[in-house]
Amino acid sequence: ALAPGFMILTPLIQEIPLSKINLETHPFCLVKGEEVARLGESLAGVGLLNLPRVQSGPDGRWRPVTGWKRLMAAAGLNWPAVPAAVLPPETPEAHRLLLYLHDNAFTRPFSPLEQALLASRLLAYWDRDTLVAKGLPLLGLPPSPVHLDRLLAAAALGYAWRELLAEGRLALTIAPR
C-alpha cells in the first residue's frame with residue numbers, strides 16, 4: 001500500500017535551463033559547500049545519474065523538489081541546462097515531501113535538524129502512530145514515540161538553537177529542554 005499522501009505519477013522528462021530554476025529557496029538548505037563541490041566532481045566525471053524533480057512555481061520559475069544539491073553542482077559547473085523530471089502543478093505537498101524524503105533517506109544520513117523539520121512536516125499528513133512506525137525509520141531513527149516528541153520539540157526551537165542543532169553543537173536529547 002502507498003503511504004498516505006503519495007500518488008503514482010509518471011513525470012515528464014524535460015531539459016530545463018538552470019537560469020529558470022529557483023536555486024535560492026529550498027525547504028532544507030543545510031548543505032555545506034564541500035558537499036556540492038564533491039558532487040560537482042562526480043557530475044563532471046560521469047554526468048547526472050539521478051534526475052532532479054522540479055515543479056513550476058507561482059513566479060513562473062521552476063522550484064526544486066528533489067536534487068537541489070545536484071542542481072547547485074550543475075550550476076557550479078556552468079551547465080546551461082539539466083534534464084529534470086517535471087511534476088504536475090497539482091502534485092500535493094504530501095507527495096513532494098515523500099519524494100524528498102525517499103530521494104535522500106538511503107543516500108545520506110539526515111542531520112538532527114533535518115530530522116526534526118521533516119518529522120514536523122510529516123505530522124501534517126500522517127497520524128503519530130504512522131509517523132513513528134514508518135517515518136522515523138526513514139529518518140534513520142528508531143520507531144519510538146519518545147524520539148518523535150524530541151524531534152517535534154526541536155522543530156519548535158528558535159533560529160539560534162536550530163543553528164546549534166544543525167551544526168551538531170546541540171544534542172537532540174537536550175534540545176526540548
Side-chain angles (χ1 to χ4, degrees), residues 1-7 21-40 42 50 52-55 57-59 61-73 75-76 85 87 91-177:
L2 292 174
F6 194 79
M7 53 193 268
I21 300 174
N22 185 351
L23 295 175
E24 289 80 44
T25 60
H26 188 272
F28 303 103
C29 289
L30 303 171
V31 178
K32 297 181 177 95
E34 63 266 11
E35 291 178 33
V36 173
R38 280 196 325 265
L39 189 52
S42 173
N50 188 12
R53 284 174 171 73
V54 298
Q55 185 180 41
D59 61 355
R61 296 180 72 197
W62 298 99
R63 60 182 179 185
V65 174
T66 66
W68 182 77
K69 285 191 286 190
R70 284 167 266 171
L71 293 167
M72 291 295 290
L87 299 175
T91 305
E93 165 74 12
H95 183 77
R96 294 191 314 265
L97 185 57
L98 287 172
L99 287 171
Y100 174 83
L101 180 62
H102 283 273
D103 188 57
N104 289 283
F106 303 106
T107 59
R108 66 177 180 87
F110 290 107
S111 75
L113 180 58
E114 288 174 309
Q115 291 170 333
L117 296 175
L118 282 165
S120 176
R121 287 181 64 187
L122 284 167
L123 194 56
Y125 305 105
W126 287 352
D127 61 65
R128 286 181 62 87
D129 291 340
T130 302
L131 181 51
V132 167
K134 294 185 179 197
L136 293 187
L138 285 172
L139 294 173
L141 297 169
S144 162
V146 171
H147 271 76
L148 178 58
D149 291 338
R150 288 178 182 158
L151 291 171
L152 296 176
L157 292 172
Y159 179 79
W161 293 104
R162 282 184 179 193
E163 285 294 309
L164 292 173
L165 189 60
E167 294 168 2
R169 296 175 37 206
L170 179 66
L172 193 56
T173 55
I174 302 297
R177 298 179 186 163

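All residue numbers in this chain count up from 1 along the given sequence.
- From Asp149, atom CG reaches atom OG of Ser144 across 8.0 Å, with rounding to the nearest 0.5 Å.
- With sequence neighbours left out, the side-chain hydrogen bond (donor to acceptor under 3.5 Å, both in side chains) criterion links Arg162 to no other residue.
- A salt bridge (charged side-chain N to carboxylate O under 4.0 Å, His left out) check over residues 135-146, counting only residues at least two apart or in different chains, returns nothing.
- With sequence neighbours left out, Glu167 forms a salt bridge (Lys or Arg N to Asp or Glu O under 4.0 Å) with Arg169.
- Within the 4.5 Å cutoff, side-chain heavy atoms of Ile21 are placed close to those of Pro64.
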### Task
Could you walk me through whether Leu157 and Leu164 pass the side-chain contact (heavy atoms from CB on, under 4.5 Å) test, one step at a time?
CA-CA 10 Å; Leu157 292 172; Leu164 292 173; over 6 Å; no
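- With sequence neighbours left out, Arg61 forms a side-chain contact (heavy atoms from CB on, under 4.5 Å) with Asn22, Glu24, Asp59.
- Thr66 contributes no side-chain N or O that, together with a main-chain N or O of Leu99, makes up a donor-acceptor pair within less than 3.5 Å.
- Partners of Arg108 under the side-chain hydrogen bond (donor to acceptor under 3.5 Å, both in side chains) rule, at least two apart in sequence or in another chain, are Tyr100, Asn104, Glu114.
- Using a 4.5 Å heavy-atom threshold, the side chains of Leu97 and Leu118 count as touching.
- Asn50 meets the side-chain hydrogen bond (donor to acceptor under 3.5 Å, both in side chains) test with Asp103; sequence neighbours excluded.
- Side-chain contact between Gln115 and Arg150 is absent, with no heavy-atom pair separated by less than 4.5 Å.
- Residues satisfying the side-chain contact (heavy atoms from CB on, under 4.5 Å) criterion with Pro145, sequence neighbours excluded, are Val132.
- Here the closest heavy-atom approach between residue Ala133 and residue Pro143 is recorded as CA-CB, 4.3 Å.
- For the atom pair Leu151 CG and Leu117 CG, the distance stands at 9.5 Å (nearest 0.5 Å).
- Remark: Ala105 engages Phe110, Leu138 in a side-chain contact (heavy atoms from CB on, under 4.5 Å) (not counting sequence neighbours).
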### Query
Between Arg38 and Lys69, is a side-chain contact (heavy atoms from CB on, under 4.5 Å) present by the stated rule, with each step listed?
CA-CA 10 Å; Arg38 280 196 325 265; Lys69 285 191 286 190; over 6 Å; no
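- Between Ala75 and Leu23, the closest heavy-atom pair is CB-CD1, 4.0 Å.
- Among all heavy-atom pairs drawn from Ala155 and Ala116, the shortest one is CB-O, 3.6 Å.
- For the pair Val65 and Thr91, the minimum side-chain heavy-atom distance is 4.5 Å or more.
- For Leu123, the side-chain contact (heavy atoms from CB on, under 4.5 Å) partners at least two apart in sequence or on another chain are Arg128, Leu131, Leu152.
- Taking 4.5 Å as the limit, some side-chain heavy atom of Trp126 sits within range of a side-chain heavy atom of Lys134.
- Of all heavy-atom pairs between Arg70 and Pro52, the closest is NH1-N, 4.1 Å.
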